[in-house]
Structure formats: structure tokens, C-alpha cells
Novice: 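Could you have a look at this structure, given as C-alpha cells, before my questions?
Naming convention: chains lettered A, B, ... in sequence-line order (proteins, then strands); numbering from 1 in each chain. Hydrogens, waters and symmetry mates are skipped; everything else that's a heavy atom, side chains included, is used. Keep in mind it's a predicted model, so treat the numbers as computed, not measured.
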Amino acid sequence: MQKNEHKVVSTALLAWYDVHARELPWRVSPSDRQAGVVPDPYRVWLSEIMLQQTTVAAVKDYFHRFTSRWPTVQDLAAARDEDVMGEWAGLGYYARARNLLKCARQVTQAHGGIFPDTHDGLLTLPGVGPYTAAAIASIAFDRSETVLDGNVERVMARFHDIHDPLPGSKPRLRDLAEEHTPLARPGDHAQAVMDLGATVCTPKSPACGICPLMPDCQGRLAGTAAELPKKTPKKPKPTRYGYAYVARDAGGGWLMERRPDKGLLGGMLGWPGSDWSEKPSPNPPFEADWHDIGAEVRHTFTHFHLHLRVLTAPMPDIAAPAGLHIVAKHDFRPSDLPTVMRKAYDLWRDH
DNA sequence: AAGTCGTGGTG
DNA sequence: TCACCAAGACT
């Protein structure tokens, strides 16, 4: 329940939001909602999945393409797996795309195309965790649930001058965020805190001078705002190496693999290759005089750097080796590839 | 319950 | 250049 001394905060925040809310493709503005416009749960859900660990700028074009191609959750549920994975290519965290499809089919088949309208109901959906369930419940269904994402953590740590490092301080920050959550306009409140965190209370050099919460911000008063929240240091990233093999058959088809659902780049299209390790074993898909194109892909994943050498050879008139298949010339779209594979293609094309 | 899982922008 | 960072979920 909201503490009385925090009511002035949420009031100031909502007043700020009424003026400064960004126009976003999935957002119903405060004035439009006041006029009776209701958010579409499908669009709220889709946007929140895309926004997990991903910036608004990166999401916008993907959101437009998805909603143009699949306007409703039933449309998405009926899509082919490879079409959804191809449309998601480049956005990253591909488990989201696999769970997106699972979720769309679950909502369509088990719920008649209607999203659950409670936090606990939403939590049962694949790809929907504590944050996303609270976000959808508050934004789409006007329920007073507390969202806790990186923005909210940062705003709370600064406003209350919390110096304990994340992730250990998370329960404390959650308690504080719950105290700020209003019963009225919970969705606007949630989006207001996140907008504030993204545009004013930014990780580096926060714009305290224009912040609506500045008068009561303990971090600002203590002069510690910019260095909060503290975080436990991360491990350094090792560098791994590998080989990728780009081969075309006589008809211009490409020899490719569909990666297994589990693990890195799961479910995505890619070039056959070696393992990625400190000392990779060459693993060409067929015997040939493989030509090293003389350039290597450099790509950084969440927890390691990768140097990938690209080799090429014409493919003889044989069947595709086990686990691989030919993507016909006119079915091949570089935009279907995850970025690291796209980089290998670009190097091949330019060699 | 730490580790895994992408990518592009930023300072 | 490079570490850090983003509207986290899953195992």
C-alpha cells in the first residue's frame, strides 16, 4: 500500500508524465485514455517482450513490422516458426522469439485469444516473468501492480540514497517501489518512472536540474545520485575463436543450418561451423579445398568475445550433410540471420 | 542461484 | 577502443 508521504511523489511524477510522455507506437497517451481509448493487450504484451533488455530505439521498427504482418495474437499464433524467427533476427535474446510464439499459441488455444488480466495469470505465460506480468497488468488492465526494472531500481536507489549494491539490494528497492505505487493510474505511473529513468534519471550524468522528483531526492541532496545504484563487479569476458563455412551449390543455393532451440542463437539460421572455443577444431561440412577469405568477424556476446574466420568453397553436387539444408537462392534473405551470421555473410559478399 | 542468453548505442 | 548499459526470463 502506498505510504502517504509518497503520494506527493507519484502525483508529481504523473503531472510530469502528462506533459512529457513520449509518443510510442504501443502507448496510449494519457489524454487519449482519458477520452476512453483502451490499450490493446496484444500490443502491450508484444512491446514489453521486445523491450526486455532492449532500448526503445531498437524496438520501434521491429514492433511495426510484427504488428503489420501479424495484427492480432491469433495471426501470430498461426505464423510459421521460421517466419517469426526471421522477423526477430537482429533483435537478440532469441529465446524471447521462441517463447513469443509459444505464448501466442497458448493464449489463442487455451484462452480463446484473450490475455489473462491478472498478474498471476500473466505469470503463467511463457516468456512473461515478474516484471512483464506487472507491466501488462498495470498498463493494459489498470491493476495496481509494481513494476521493477532497471529504471525503477535506479530511480529508487537514488531517491532513497540506497548504497547497498545490486542485485542484493533488489528486495529493498522493490519494497520502496511498492510504497510509491498508486491505486489510480498505475499503468501511467509505471511508464512514468521508466520514462524518467530513460530520459532524465539516466545511468550517467542524470539531469537532476529538470527532474520532477529533485526536491525530495535523497541522492541528489547527498550528492551521490550519479554513482547509484552500486553494482557488484562483473567477470571479464574471455575471447573465443571459431570457423564458419559459407558454401553455395551450382544453383546458387546456400548450405545452412537451423540451430537447435536450446542455447546460443537457438532456433536461428546460421552457417555451419566449428565449435567456438579457445582452440576450435576445424569442422568443414564437406571435403573441399576451403578458401580462407582473409578477414574475420569480431562479435561480442553477453559473456564472451568471438573471432570467427570465414572459409568458402563451391559445393559439389551432393546431398546436404546431416543437420544441414540448402536455402534456395530466392529464399535467402540476409535479414533473416542473427547479427553474427549476418556479419560473416557481409564479409563473404565483399571478399 | 549464479550462469546463460544479443545487440547497438554511448562515454 | 572498450566496458558499460537497456522496459528480464529461464534454468
Side-chain angles (χ1 to χ4, degrees), chain A residues 21-22 24-27 43-63 85 88-100 102-103 122-140 145-155 166-168 170 174 177 187 189-199 201-206 226-227 229-240 259-268 270 276 297-306 337-343:
Chain A
R22 292 179 288 176
L24 298 175
W26 49 86
R27 175 175 288 175
R43 293 168 66 89
V44 173
W45 162 73
L46 179 61
S47 69
E48 289 299 341
I49 300 298
M50 288 184 166
L51 286 164
Q52 289 169 3
Q53 296 289 285
T54 309
T55 59
V56 165
V59 163
K60 276 185 177 171
D61 289 345
Y62 284 86
F63 182 83
M85 300 312 289
W88 195 276
L91 197 56
Y93 284 137
Y94 298 101
R96 292 184 296 173
R98 287 179 267 123
N99 285 329
L100 189 80
K102 275 188 203 165
C103 182
L122 289 159
L123 256 187
T124 68
L125 301 175
V128 176
Y131 162 77
T132 305
I136 300 173
S138 62
I139 296 169
E145 299 289 348
T146 299
V147 301
L148 188 66
D149 74 329
N151 291 302
V152 180
E153 289 172 355
R154 186 169 59 257
V155 171
L166 284 166
K170 195 164 178 169
R174 164 166 286 286
H189 172 83
Q191 295 179 91
V193 186
M194 293 190 284
D195 268 21
L196 189 77
T199 64
C201 195
T202 52
K204 298 170 185 175
S205 59
E227 61 193 65
K230 304 203 175 212
K231 298 189 176 180
T232 55
K234 300 170 182 170
K235 292 181 181 177
K237 294 178 181 181
T239 299
R240 298 184 191 172
R259 299 174 63 90
D261 277 350
K262 302 284 183 186
L264 192 67
L265 308 179
M268 298 302 289
W276 297 346
V297 172
R298 293 200 173 197
H299 191 77
T300 298
F301 293 99
T302 308
H303 53 292
F304 65 93
H305 304 289
L306 176 66
L337 303 179
T339 299
V340 65
M341 299 298 173
R342 173 70 177 272
K343 285 182 178 177

Novice: According to a strict under-4.0 Å criterion, is A:Lys234 in side-chain N/O contact with OP1 or OP2 of C:dC5?
Specialist: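 The answer is yes; a side-chain N or O of A:Lys234 sits under 4.0 Å from OP1 or OP2.
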
Novice: Could you tell me which residues satisfy side chain to side chain donor-acceptor pair (under 3.5 Å) with A:Thr54, sequence neighbours excluded, listed by chain and number?
Specialist: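 Expected list: A:Arg96.
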
Novice: In whole Å, what is the span from the CD1 atom of A:Ile136 to the P atom of C:dG8?
Specialist: 13 Å

Novice: Give a yes/no on whether any side-chain N or O of A:Lys170 is located under 4.0 angstrom from OP1 or OP2 of C:dG8.
Specialist: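 The answer is no; no side-chain N or O of A:Lys170 sits under 4.0 Å from OP1 or OP2.
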
Novice: Excluding sequence neighbours, so at least two apart, what forms side-chain contact (heavy atoms from CB on, under 4.5 Å) with A:Tyr62?
Specialist: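 Partners of A:Tyr62 by the side-chain contact (heavy atoms from CB on, under 4.5 Å) criterion, ordered by chain and then number, come out as A:Met50, A:Arg65, A:Leu91.
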
Novice: Base, sugar-phosphate alone, or nothing: which one does A:Val128 contact when heavy atoms must sit under 4.0 Å apart?
Specialist: sugar-phosphate

Novice: Using a cut-off of 4.0 Å between protein heavy atoms and nucleotide atoms, how would you tag nucleotides 6-11 of chain B 5' to 3' with B, S and -?
Specialist: BBS---

Novice: Would you please name every residue forming a side chain to side chain donor-acceptor pair (under 3.5 Å) with A:Asp149, sequence neighbours left out?
Specialist: A:Asn151

Novice: Name all residues meeting the side chain to side chain donor-acceptor pair (under 3.5 Å) criterion together with A:Glu145; count only those two or more places apart in sequence or in a different chain, and write none if there are none.
Specialist: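 Counting only residues at least two positions away or on another chain, A:Glu145 forms no side chain to side chain donor-acceptor pair (under 3.5 Å).
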
Novice: In whole angstroms, how far is the C1' atom of B:dC5 from the CG atom of A:Leu100?
Specialist: 16 Å

Novice: Give the rounded distance in Å between these two atoms: CG of A:Leu125 and C1' of C:dC10.
Specialist: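 For the pair A:Leu125 CG and C:dC10 C1', the rounded distance is 15 Å.
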
Novice: Take atom CD1 of A:Ile49 and atom C1' of C:dG8, then tell me their distance rounded to the nearest Å.
Specialist: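 Value for this atom pair: 9 Å.
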
Novice: Could you give the distance separating C:dT11 and B:dG6 at their P atoms, to the nearest angstrom?
Specialist: 14 Å

Novice: Would A:Arg259 count as a cation-pi partner of A:Trp276, with NZ or CZ less than 6.0 Å from the six-membered ring centre and within 45° of the ring normal?
Specialist: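 Yes, cation above the ring, under 6.0 Å and within 45°.
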
Novice: Rounded to whole angstrom, note down the C1' distance from B:dA1 over to C:dA6.
Specialist: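 My reading of the C1' atoms in B:dA1 and C:dA6 gives 23 Å.
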
Novice: Taking the ring of A:Phe301 and the ring of A:His299, is the distance between their centroids below 6.0 Å?
Specialist: yes

Novice: Can you check the distance between B:dC5 and C:dC2, where both ends of the measurement are the P atom (answer in whole Å)?
Specialist: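 The answer is 23 Å between these two P atoms.
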
Novice: Rounded to whole angstrom units, what separation is found between the CG atom of A:Leu148 and the C1' atom of C:dG8?
Specialist: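 Computing the A:Leu148:CG to C:dG8:C1' distance gives 11 Å.
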
Novice: Please report, rounded to the nearest Å, how far the P atom of C:dA9 is from the CH2 atom of A:Trp88.
Specialist: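 The distance from CH2 of A:Trp88 to P of C:dA9 comes to 13 Å, rounded to the nearest Å.
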
Novice: What is the distance, rounded to the nearest whole Å, between atom CZ of A:Arg298 and atom P of C:dC2?
Specialist: 8 Å

Novice: Reckon A:Lys235 touches a base, only the sugar-phosphate, or nothing at all at heavy-atom distances under 4.0 Å?
Specialist: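 Sugar-phosphate, no base atom in range.
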
Novice: Taking any heavy-atom pair under 4.0 Å as a contact, classify A:Arg22: base, sugar-phosphate, or nothing.
Specialist: base

Novice: In whole Å, what is the span from the NE2 atom of A:His303 to the C1' atom of C:dC5?
Specialist: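 To the nearest whole Å, that distance equals 18 Å.
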
Novice: Tell me every residue that passes side chain to side chain donor-acceptor pair (under 3.5 Å) with A:Glu48, counting only those two or more places apart in sequence or in another chain.
Specialist: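 Residues passing side chain to side chain donor-acceptor pair (under 3.5 Å) with A:Glu48: A:Tyr131.
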
Novice: Looking at every strand, decide which applies to A:Leu123 at a 4.0 Å heavy-atom threshold: base, sugar-phosphate, or nothing.
Specialist: nothing

